[in-house]
Amino acid sequence: MPALKKIALTITSAALLSGFVLSPAAAADKDTSDDKQPKPPSTMSSLGGEQLGKAGTQVNLGPGAPVLPKKLSGRSWIVADAESGDVLAAHNSHWRLPPASTLKMLFADTVLPALQPTTLAHKVTENELSGVGEGSSLVGIKEDHTYTVHDLWLGVFLRSGNDAVHVLSEMYGGVQKTVDAMQAHAEELQALDTVVVSPDGYDAPRQVSSAYDLTLIARSGLQKKDFREYAATASADFPGEKKKGKKRESFEISNTNRLITGDIGVDPYQGIAGVKNGYTTHAGNTFTGVAERNGKVLLVTVMNPSAEESHAVYKEAAHLLDWGFAASGKVTPVGQLVPPRSLDTGTGIGGKGATPAAGAVQGPGGKAEATHASASNGSSGVGTALAIIGGLLVVLAAAVFLVNRRWPMAGRTHRTETETDATAADATAADATAAETKDAEDTGKAGKSAEDTGEAGKDAEGDPEGAGATASAAPTDKP
C-alpha cells in the first residue's frame, strides 16, 4: 500500500476513533442537563415540620403505600390533607419562588370579606386602570362602565384579570393599602415565605411565595363561601361594552384552570374545585388545586415544572392528587399545615425559619389587618364547608366537591331542594349538612390571556403553549 494511502487511512481511523470516544462524553453532558436547573437554597424554613425544611423529595411510605409518580419536574410541590393538615409528601415546599397569579388567592382571601355585598355596583375610572402592568391578563373592563363586585370577582377567578384586581384594590382603599393588608394577612396565616409587592401576582422584585404558603392560603380561602363558589366556576357571562342606544351585551368567560375546563391533552379532573393557576416567565407555570374523592379532600400545589410537555403543571398536579388519594392512611405525614397565629395554641409544629420573609411588611404586632370570614357566614356552597377549630380544618358540611358548569343566573339557585344553609348556630356543629348537586362536566376551553413578567415580555396566563395572548380585549368567541 502506498505511503500516502496509509497516512490517509491512519488519519481517517483516528478521526473516527476520536468521534466514538467523544460521543459518550457528549451524551453524558446531555444526561446531566438537570444540573443546570436552579437548586433550592441550603437553608429553608422548617415551619410545619423539620422534614419540610430539607431539600429534595420528602415522603414516609408505609406498608402498601404507592410510590410517588415518576418524572415530577416541579421545582417545588406539596400535597396535603385539607382537613387534618397532614402533609403527605413534599418537594422543596418552602423554596421561595415567584408565584404569578396564584397570589390572587391571597388577594381574594384578604379583600373578599371587606367588599360586601357583591351586588354593589361600581363605575370604573381611567385612574383605576392606569396601574395595570403592560401585557397583563385582562378580563376586558372598560372605563366609564359599571360593574358589580360580583362581576369583578368572576373576572379575577376565571380570567385572572389584572384589570379586575386593580379596580377591586381601588375600591378597597388603593393598591398600596391592599398590598399591606395582603402581607399582614399572609403573616396571620403563617405564610411566612411570602412577600407581596403587587396584588395581582404581576412579577415584581422581591415578590415570592412557596408551595407551602400557597397551600395555606388556599386552605384559608376555601372556608369562605364566595371564594369556594368563584374558584369552582367553569364559565360565566361578563358585561360587555355599553353602546349608546343599545342594550348592554355580555360575553362568555371561561376558567383558565385546565383541571376544571379541560383542554387538548388534559381532561377535567374528577372532583376538582379550583383553586388558581398562573404563569409568567420568571415564575413558570404555577398551580394550586383542591379536590375531593370518597370524602377525602386534598390540596396540591406545583410550582414551575421543567417538563416541556404541554400542560405539565396540571398533569403533575393531577398525578400528585391521584397518588395522595391512593396513599391516604398509608403514609406517615412529613409535616403539618400550621394554623393561623390567632388560633395557634402553641401545640402546633414549628421549626426554624418561622419568621416573615425578608422584605415583608408586618401589621401591628405582626397580626393581620384583614377581616376573616367566620364559619357562621354560611357552610354551604360549591364544596366542603370548612372552618378552623383548634387550628385544624373541620368539615361542617357533606363533601361533594364538584364544579359549577355555569355561574347561576340572577333569581335562580344552583342548589337542590335538599340543600340547607347552615345558620350561625349550626356553623360549629360537626353534623351540619349542605348537599350540592353541581354539574362537574364542562367541555369548554378557556381562552388564552397574558401576564407580563416585567422584564421578559408577554406570556400567556397559565397556558404558554396556547394560541396567544389577549392583552387588551376580552374574548368574544365562546369556547
Side-chain angles (χ1 to χ4, degrees), residues 37-38 40 72-80 90-109 136-137 156-160 162 165 182 186 191 193-204 206-219 221 231 255-260 263 266 269 272 274-290 299-321 357 446 448-454 456 459-466:
Q37 294 291 327
L72 294 173
S73 66
R75 289 186 185 176
S76 174
W77 54 258
I78 190 171
V79 57
H91 179 79
N92 302 326
S93 62
H94 277 294
W95 191 355
R96 292 168 176 169
L97 298 167
S101 284
T102 51
L103 195 65
K104 289 183 172 79
M105 294 188 297
L106 179 59
F107 170 73
D109 194 35
S136 286
S137 54
V156 171
F157 278 89
L158 273 65
R159 291 293 297 169
S160 203
N162 289 0
V165 170
M182 289 170 64
D193 298 324
T194 299
V195 177
V196 183
V197 179
S198 66
D200 49 20
Y202 189 96
D203 275 347
R206 299 185 301 104
Q207 182 157 272
V208 290
S209 190
S210 67
Y212 185 87
D213 280 15
L214 292 172
T215 306
L216 286 181
I217 292 163
R219 194 184 189 212
N255 203 316
T256 58
N257 179 349
R258 300 298 187 262
L259 290 190
I260 287 181
D263 202 355
V266 58
Y269 190 83
I272 193 69
V275 176
K276 193 71 190 75
N277 58 301
Y279 177 80
T280 67
T281 296
H282 279 188
N285 284 288
T286 58
F287 175 74
T288 296
V290 63
L299 284 159
V300 65
T301 295
V302 177
M303 301 186 76
N304 200 353
S306 60
E308 296 182 359
E309 67 172 330
S310 176
H311 303 312
V313 73
Y314 300 108
K315 293 176 181 178
E316 294 188 18
H319 292 328
L320 283 169
L321 285 170
K448 307 298 187 287
S449 56
E451 185 168 29
D452 190 88
T453 66
D459 303 284
E461 170 71 58
D463 189 12
E465 306 91 356

Evaluate the criterion side-chain hydrogen bond (donor to acceptor under 3.5 Å, both in side chains) for residue pair N277 and Y314; output intermediate values, then yes/no. CA-CA 9 Å; N277 58 301; Y314 300 108; 3.1 Å; yes
Pair S160-T256, side-chain hydrogen bond (donor to acceptor under 3.5 Å, both in side chains): steps then yes or no: CA-CA 8 Å; S160 203; T256 58; 5.5 Å; no
Counting only N and O atoms by type, is there a donor-acceptor contact under 3.5 Å from the side chain of K276 to the main-chain atoms of T286? no
Could you list the residues that satisfy side chain to side chain contact (heavy atoms under 4.5 Å, CB included) with A80, not counting sequence neighbours? V87, L337
Of all residues at least two apart in sequence or in a different chain, which pass the ring pair (Phe, Tyr, Trp, His ring centres under 6.0 Å) check with W95? none
Can you name the closest pair of heavy atoms from A204 and V197 and give their distance? CB-CG1, 3.6 Å
Taking the side chain from D193 and the backbone from R96, do they hold a donor-acceptor pair closer than 3.5 Å? no
CA sep, side-chain torsions, deciding dist, call: N162, K104, side-chain contact (heavy atoms from CB on, under 4.5 Å): CA-CA 9 Å; N162 289 0; K104 289 183 172 79; 2.7 Å; yes
Looking at P305 and N285, what are the two nearest heavy atoms and their distance? CD-O, 3.4 Å
Which atom of L259 lies closest to which atom of I272, heavy atoms considered: O-CG2, 3.1 Å
So, for I78 and A211, which heavy atoms are closest and what is the spacing to 0.1 Å? CG2-O, 3.6 Å
Parallel under 30°, tilted from 30 to 60°, perpendicular over 60°: which one fits the rings of H94 and Y212? tilted
Step by step, would you call T102 with S209 a side-chain contact (heavy atoms from CB on, under 4.5 Å)? CA-CA 9 Å; T102 51; S209 190; over 6 Å; no
Donor-acceptor contact present, side-chain D213 to main-chain T194, <3.5 Å: yes
Rounded to the nearest 0.5 angstrom, the CG-CH2 distance for L320 and W77 is 5.5 Å
Residue list, side chain to side chain contact (heavy atoms under 4.5 Å, CB included) with P98, at least two apart or on another chain: D203, H282, A283
To the closest 0.5 Å, what do you measure between CG (L72) and NE2 (H91)? 8.5 Å
Nearest heavy-atom pair of F287 and A317: which atoms, and what distance? CD2-CB, 3.6 Å
Atom CG of D109 and atom CD1 of I217: how far apart are they, to the nearest 0.5 Å? 8.0 Å
Please check this pair: side chain of S101 against backbone of G201, looking for a donor-acceptor N/O pair closer than 3.5 Å. no
Between the CG atom in L106 and the CG atom in L214, the distance rounded to the nearest 0.5 Å is 9.0 Å
By side-chain hydrogen bond (donor to acceptor under 3.5 Å, both in side chains), which residues pair with T301, not counting sequence neighbours? T215, T288
Partner set under ring pair (Phe, Tyr, Trp, His ring centres under 6.0 Å) for F157, not counting sequence neighbours: F227, Y230
How close do N255 and N257 get, heavy atom to heavy atom, and via which atoms? OD1-N, 2.9 Å
Please list, chain by chain and in numerical order, all residues satisfying side-chain hydrogen bond (donor to acceptor under 3.5 Å, both in side chains) with S73, sequence neighbours excluded. E316
